[in-house]
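What follows is a short report on a single structure.
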Amino acid sequence: MTLLISTACQPPAADDYLERGLVEETVPEASEPLPSPDASDALWAPSDQAERLLYGVPGETPFLAVACDRSGGEPVLVFTRFTPADRNAQAMMSLVGNFHVARFPVDATDTGRAWLWQGSIAADSPDLNTLTGQRDVEATIPGAGSVMLKASPRIRELVNACRPSVAPDAEEAERDLPDDEPPEDQPRAPK
């Protein structure tokens, strides 16, 4: 009986949590998702930096940059998506096309002027064959929209030049694939 009386006199635990300092700082919410840009007039163009391509509509801010970075030993392809990112945000970028899928982490990176999405993937990753085929590729970052990347010899050459070694036979075999046939190790769509 004494136990019931003593607990009845105590205020609920939630009544004084503000005074005890148990309120966590407000966690910022993610920005509203951005729409996918219209890339129908976009193209791959060389940058003023060696081994770097820009993808976008001429005369406008590019949608994407892809650069070969050899500074860390093994070469990597660095992707920069020119769209605002929330400070310190993290996500996965996917490249889907040419019977391949590449997924790799991207982080919001402070460029000094804005927070942009940036990430890298090993240049020798077979998943980068998404960019070396004859078909368009969809590049997606959740919340930043999708960009349709047109197939181009420029991006194909950058990927292959960045790879530590590409066997000439493999490169020729890839070029010789018909546009409507997947590689032998990939399932074929029903006709």
Side-chain angles (χ1 to χ4, degrees), residues 23-98 100-133 135-164:
V23 177
E24 293 183 26
E25 289 185 33
T26 306
V27 177
E29 292 185 26
S31 299
E32 288 293 318
L34 299 172
S36 297
D38 178 9
S40 55
D41 294 330
L43 52 88
W44 290 100
S47 163
D48 56 357
Q49 299 173 21
E51 293 193 297
R52 182 173 185 248
L53 291 175
L54 300 174
Y55 184 76
V57 177
E60 296 180 15
T61 301
F63 300 131
L64 182 78
V66 181
C68 179
D69 181 3
R70 301 174 191 277
S71 65
E74 291 296 316
V76 296
L77 281 172
V78 178
F79 291 78
T80 304
R81 178 76 168 84
F82 294 100
T83 190
D86 292 334
R87 179 185 190 128
N88 299 324
Q90 297 178 323
M92 294 294 284
M93 182 174 189
S94 67
L95 302 172
V96 179
N98 292 299
H100 293 279
V101 175
R103 289 185 186 92
F104 52 95
V106 290
D107 297 315
T109 305
D110 185 5
T111 64
R113 295 183 349 192
W115 287 83
L116 302 176
W117 291 108
Q118 194 168 63
S120 62
I121 184 171
D124 62 356
S125 171
D127 293 338
L128 284 174
N129 289 339
T130 55
L131 296 171
T132 62
R135 294 192 167 110
D136 294 351
V137 174
E138 184 174 11
T140 305
I141 298 174
S146 292
V147 177
M148 291 308 296
L149 307 174
K150 294 178 183 166
S152 168
R154 286 186 169 154
I155 188 64
R156 186 176 317 118
E157 289 166 6
L158 175 66
V159 170
N160 288 333
C162 193
R163 289 179 163 162

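Pairs of residues two or more places apart, or lying in two chains, that qualify as salt bridge (charged side-chain N to carboxylate O under 4.0 Å, His left out) and include a residue from residues 37-57 are Glu51-Arg70. Listed by first and then second residue, the ring pair (Phe, Tyr, Trp, His ring centres under 6.0 Å) pairs that reach into residues 77-96 are Phe79-Phe104, sequence neighbours excluded. Residue pairs that meet the salt bridge (charged side-chain N to carboxylate O under 4.0 Å, His left out) test with at least one member in residues 101-110, sequence neighbours left out, do not exist here.
With sequence neighbours left out, the side chain to side chain contact (heavy atoms under 4.5 Å, CB included) criterion links Pro105 to Met92.
Remark: Leu128 CG to Asn160 CG distance equals 9.5 Å, nearest 0.5 Å. Here the straight-line distance linking atom CG of Asp69 with atom SG of Cys162 works out to 8.0 Å at 0.5 Å rounding. The CG atom of Leu131 sits 11.5 Å away from the CG atom of Asp136 when rounded to the nearest 0.5 Å. Taken to the nearest 0.5 Å, the CG atom of Leu149 stands 8.5 Å off from the OG1 atom of Thr130.
The heavy-atom pair separating Ala151 from Gly133 by the smallest distance is CB-O, 3.9 Å. Nearest heavy-atom pair, His100 versus Pro126, reported as atom, atom and distance to 0.1 Å: ND1-O, 4.1 Å. The heavy-atom pair separating Thr140 from Ser146 by the smallest distance is OG1-OG, 2.7 Å.
For the side-chain contact (heavy atoms from CB on, under 4.5 Å) with Cys68, the lone residue among Leu158, Val78, Val76 that qualifies is Leu158.
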Please tabulate, for side-chain N and O atoms in residues 113-125, each donor-acceptor pair with protein atoms closer than 3.5 Å (sequence neighbours left out).
residue, atom, partner, partner atom, Å
Gln118, NE2, Thr80, OG1, 2.7
Ser125, OG, Asp127, N, 3.2

Using atom types as modelled, flag every donor-acceptor pair under 3.5 Å from a side chain in residues 55-62 to any protein atom, sequence neighbours excluded.
residue, atom, partner, partner atom, Å
Tyr55, OH, Met148, O, 2.8
Tyr55, OH, Lys150, N, 3.1

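Here the side chain of Arg154 pairs no donor or acceptor atom with the backbone of Leu53 at under 3.5 angstrom.
When side chains are defined from C-beta on, Val147 does not count as touching Leu64, because their heavy atoms never get closer than 4.5 Å.
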Are Val137 and Asn98 close enough, and set up right, to give a side chain to side chain contact (heavy atoms under 4.5 Å, CB included), and what steps lead you there? CA-CA 7 Å; Val137 174; Asn98 292 299; 3.6 Å; yes

